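Below is one structure, written out as structure tokens; the observations come after it.
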Amino acid sequence: MSDGDFVKEIASKDTDFSQWYIDVVKKADLADYTMVKGCMAIKPYGYSLWENMQQCLDQKIKATGHKNAYFPLFIPESLLTKEAEHVEGFAPEVAWVTHGGNQKLEERLAVRPTSEAIIGSLYSKWIHSWRDLPVLINQWANIVRWEKVTRPFLRTTEFLWQEGHTAHKNQQEAEEETLKILRIYQEYIENDLAIPVLIGKKSANEKFAGAMHTYTLEALMGDGKILQAGTSHNLGQNFAKAFDIRFLDENQVEQYAWTTSWGTSTRLVGGIIMVHGDERGLKLPPKVAPIQIVIVPILFDKSKQEVLKKAKELTDILAKDFRVELDDRDAYTPGWKFNEWEMKGVPIRVEIGPRDLAKNQVMAARRDKMEKTIIPENDLVLTLKKWLEDIQNNLYFSAKSRLEKNIRFAESYDDFKDVIEQKRGFIKTYWCGNSECEEQVKNDTKATIRCLASEKDDDSSKGKCIYCGKDSKSLVYFGRAY
RNA sequence: CGGGGUGUAGCGCAGUUUGGCUAGCGCACCUGCUUUGGGAGCAGGGGGUCGGAGGUUCAAAUCCUCUCACCCCGACCA
């Protein structure tokens with residue numbers, strides 16, 4: 001039997017990836033469209049997934065000495081415009097508040113597209129001495145960016161994220177922070193979300209507006225396109241100078257602080273869908289799945305009461321170790337439920353019916369491999385625990401092997417264009433460091449430099465630029481990005 | 001902003017060319033009975049005024065004018 005026999009509600013992943021993506025978002029009950037373009041409602045199942053993701057990352061952020069805080073949604077125009085490169089980068093996508101009630105405001109207010117400006121202006125009040133540093137703050141917040149093309153989770157007008165903002169007493173400490181966060185992000189995205197990433201520095205064209213440099217994590221999606229999964233910026237003293245964040249150091253010398261900022265967003269929900277999903281729908285990594293195990297009782301008239309009773313007992317037992325749900329809805333047949341929970345990506349399904357009752361066993365099915373196995377009741381908790389770990393690893397390693405197969409080396413620009421047209425994925429190649437070459441490649445192929453693989457004096461950087469043929473400064477990864 | 005397309009029930013669509021009975025179908029929804037180990041069956045039922053405004057006509061989902069929204073391609077773009 002082919003998948004087509006089962007999948008009645010979602011488009012084919014192979015032939016129509018973007019429709020498949022939209023279908024999964026809607027049918028798995030993650031989110032819904034609203035009256036405002038680009039603004040989605042995140043439904044309970046999707047939000048629960050986000051909450052689990054938040055929790056995983058929040059723990060890691062806090063474990064490294066950062067504290068959460070909250071800053072305002074509105075940023076006065078005069079504040080936003082203080083860092084020139086920053087404004088220029090964000091101006092086209094800022095939403096403005098011009099009226100309070102019926103009264104026109106003296107100065108219009110930006111709805112934050114990111115919070116460097118508002119936080120920078122406050123840090124200037126809070127930081128006076130080297131003893132005040134470092135300041136290590138993170139906030140979970142919503143952000144608005146007026147994008148022309150929007151897609152649920154991947155690029156929405158309003159989205160949820162965390163943004164860290166830190167201030168340090170010297171360049172080195174700021175750089176260490178930037179890299180520490182990069183590693184935390186990598187751990188979170190690879191271990192918790194099971195999404196393998198390539199990490200590295202951004203080119204000047206692609207770095208954050210106003211940053212000294214940006215580190216990024218780049219992930220391969222199911223259609224060969226690349227998703228930027230998170231970024232960590234070393235802002236140097238640019239923002240400290242713009243927002244006047246100064247302190248007296250140990251030697252009584254006045255200095256500007258060195259700041260960093262870093263963020264990951266609900267976009268990663270889109271990443272989870274596009275990395276792990278298949279023809280049947282979502283496939284969720286156990287560590288963040290809202291429901292890890294669903295129990296479907298198989299009900300016949302004669303045995304209904306006993307089976308339900310047993311199913312409830314099992315649910316209570318499993319609830320001590322897992323996020324578990326009993327699906328005792330009467331209106332749907334087991335087959336219908338199987339398909340629905342598969343679409344929603346629940347890692348493990350446990351079936352219990354009269355046959356199992358008699359033998360003190362259950363039937364269990366894994367979403368990742370679509371295998372059904374009988375498990376004796378006595379072994380249940382241990383087996384399921386092992387399965388969840390297994391599924392988590394399996395998702396990661398299959399994604400990892402897909403990633404590795406989709407990093408290709410391009411010898412010539414013709415090769416490069418062929419690969420981008422036909423296979424996509426990452427292309428590893430040399431680059432001279434000139435923005436114009438990067439720009440030309442983008443115009444020709446829509447591919448951009450996702451990140452640098454190595455730089456300058458490193459031997460591995462030596463080669464000829466893929467576009468102009470001159471000596472290269474860097475080995476880089478190109479790809480078409482979301 | 002340029003080119004193309006689509007708006008009829010929650011979703012997907014037919015009907016529009018050639019105006020005419022109470023605007024129809026599938027899925028979903030509600031009620032009841034029978035069912036339930038891979039998307040159940042039968043019976044009954046609720047829901048739309050045809051994107052909006054104006055016009056032509058005895059009569060408009062259908063023809064005309066204007067307008068709005070959305071989608072695709074291009075341009076733009078963390």
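Since the structure is predicted, the reported quantities are computational estimates derived from the model, not experimental observations. Just so we're on the same page: letters track the sequence lines, and every chain starts at 1.
Atom C1' of C50(B) sits at a distance of 10 Å from the matching atom of U62(B), rounded to the whole Å. Here the separation of G3(B) from U17(B), taken at their C1' atoms, is 25 Å to the nearest Å. When the C1' atom is used for both U34(B) and G15(B), the distance is 37 Å, rounded to whole Å. Taking atom C1' on both nucleotides, C63(B) is separated from G46(B) by 34 Å, rounded to a whole Å. Across G47(B) and A23(B), the matching P atoms stand 13 Å from one another, rounded to whole Å. With both ends at atom C1', the span from C68(B) to C25(B) equals 29 Å, rounded to whole Å. Comparing the C1' positions of C29(B) and G38(B) gives an interatomic distance of 24 Å, to the nearest angstrom. G48(B) and G24(B) are spaced 12 Å apart, taking the P atom of each and rounding to whole Å.
Here the P atom of nucleotide U36(B) and the CG atom of Asp328(A) are 18 Å apart, to the nearest Å. Going from atom CZ of Arg155(A) over to atom P of C76(B) covers 14 Å, rounded to whole Å. Whole-Å rounding puts the Glu206(A) CD to C77(B) P distance at 11 Å. Distance, Lys304(A) NZ to G37(B) P: 13 Å, rounded to whole Å. A straight line from CG of Leu299(A) to C1' of G37(B) spans 11 Å, rounded to a whole angstrom. In this structure, the CG atom of Asp330(A) is 14 Å from the P atom of A40(B), given to the nearest Å. If you take CG of Asp301(A) and P of U35(B), they are 6 Å apart, rounded to a whole angstrom. Per the geometry, NZ belonging to Lys202(A) stands 11 Å off P belonging to A78(B), to the nearest Å.
Side-chain atoms of Ser232(A) and Thr178(A) form no donor-acceptor pair, as typed in the model, at a separation below 3.5 Å. Remark: the Thr448(A) side chain and the Glu438(A) side chain contain no N/O donor-acceptor pair separated by less than 3.5 Å. No side-chain N or O of Gln440(A) forms a donor-acceptor pair with one of Asp444(A) less than 3.5 Å apart. Ser261(A) and His165(A) share no side-chain donor-acceptor pair at under 3.5 Å.
Distance check, rounded to the nearest 0.5 Å: CZ of Phe416(A) to OG1 of Thr445(A) gives 4.5 Å. Note: Ile407(A) CD1 to Tyr477(A) OH = 5.0 Å, rounded to the nearest 0.5 Å. Atom CH2 of Trp262(A) and atom CG of Asn138(A) lie 4.5 Å apart (nearest 0.5 Å). Rounding to the nearest 0.5 Å places CD of Gln139(A) at 9.0 Å from CG of Asn68(A).
A salt bridge does not link Lys337(A) with Glu351(A): every distance from a Lys NZ or Arg NE/NH1/NH2 to an Asp or Glu carboxylate oxygen is 4.0 Å or more. A salt bridge between Lys310(A) and Asp356(A) is absent, with no side-chain N of the basic residue lying under 4.0 Å from a carboxylate O of the acidic one. Remark: Lys202(A) engages Glu218(A) in a salt bridge, criterion side-chain N to carboxylate O under 4.0 Å. Using a 4.0 Å cut-off between charged side-chain N and carboxylate O, Lys43(A) and Asp32(A) make no salt bridge.
Dashed line: the shortest gap from a side-chain N or O of Thr333(A) to OP1 or OP2 of U36(B) is not under 4.0 Å. A close approach under 4.0 Å does not occur between any side-chain nitrogen or oxygen of Lys446(A) and OP1 or OP2 of A75(B).
In this structure, the nucleotide among G38(B), A78(B), G37(B) sitting nearest to the side chain of Met370(A) is G38(B). When distances are taken from the side chain of Phe338(A) to each of C77(B), G38(B), U36(B), the shortest belongs to G38(B). You'll find that the side chain of Phe300(A) is closest to G37(B), out of G38(B), U35(B), G37(B).
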Using a cutoff of under 3.5 Å, can you pull out all pairs of nitrogen or oxygen atoms linking the protein to nucleotides 27-30 of chain B, with atom names and distances?
from: C29(B); atom 1: OP1; to: Tyr332(A); atom 2: OH; distance (Å): 3.2

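Searching all strands for a Watson-Crick or G-U wobble partner of C58(B) with both distances below 3.5 Å returns G20(B). When both pairing distances are held under 3.5 Å, C25(B) makes a Watson-Crick or G-U pair with G12(B). A43(B) and U31(B) make up a base pair, with Watson-Crick or G-U wobble contacts both under 3.5 Å. Using Watson-Crick or G-U wobble geometry with both donor-acceptor distances under 3.5 Å, G7(B) finds its partner in C68(B). Under the Watson-Crick or G-U wobble criterion, with both distances below 3.5 Å, G74(B) is paired with C1(B).
Taking the six-membered ring where tryptophan is involved, the planes of His86(A) and Phe208(A) are tilted, since the angle between them lies from 30° to 60°. Between His213(A) and Tyr215(A), the ring-plane angle classifies as perpendicular under the 30° and 60° cut-offs. Using cut-offs of 30° and 60° for the angle between ring planes, the Trp20(A) and Phe17(A) rings count as tilted.
Near RNA chain B, meaning a heavy atom under 4.0 Å away, the residues from residues 346-359 of chain A are Arg349(A), Glu351(A), Gly353(A), Pro354(A), Arg355(A), Asp356(A). Within residues 73-89 of chain A, no residue has any heavy atom closer than 4.0 Å to RNA chain B. Interface residues of residues 222-239 of chain A facing RNA chain B, ordered by number: Gln228(A), Thr231(A); criterion, heavy-atom separation under 4.0 Å.
In this structure His276(A) satisfies the ring pair (Phe, Tyr, Trp, His ring centres under 6.0 Å) test with no other residue, sequence neighbours excluded.
Between Ser474(A) and Leu452(A) the shortest heavy-atom distance is OG-CD1, 4.3 Å.
For A78(B), its base sits under 3.5 Å from the side chain of Arg145(A) at one donor and acceptor pair at least.
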Full working for side chain to side chain donor-acceptor pair (under 3.5 Å) between Tyr482(A) and Asp223(A): CA-CA 11 Å; Tyr482(A) 269 99; Asp223(A) 61 348; 2.6 Å; yes
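Across all strands, Gln19(A) comes closer than 4.0 Å to no nucleic acid atom at all (heavy-atom distances). Heavy atoms of Trp146(A) sit nowhere under 4.0 angstrom from any nucleic acid atom. Residue Glu93(A) is in sugar-phosphate contact alone, with no base atom involved, counting any heavy-atom pair closer than 4.0 Å across all strands shown. Lys372(A) comes within 4.0 angstrom of a nucleotide base, judged by non-hydrogen atoms across all strands.
Arg349(A) forms a cation-pi arrangement with Phe338(A), by the criterion of a distance under 6.0 Å to the ring centre and an angle within 45° of the ring axis.
Residue-to-nucleotide proximity on RNA chain B shows that, of Ile298(A) and Lys442(A), the 5′-proximal contact is made by Ile298(A).
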Base versus backbone protein contacts along nucleotides 1-7 of chain B [heavy-atom cut-off under 4.0 Å; B, S, -]: -------
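Proximity of a side-chain donor or acceptor of Arg367(A) to a complementary backbone N or O of Glu342(A) within less than 3.5 Å is detected.
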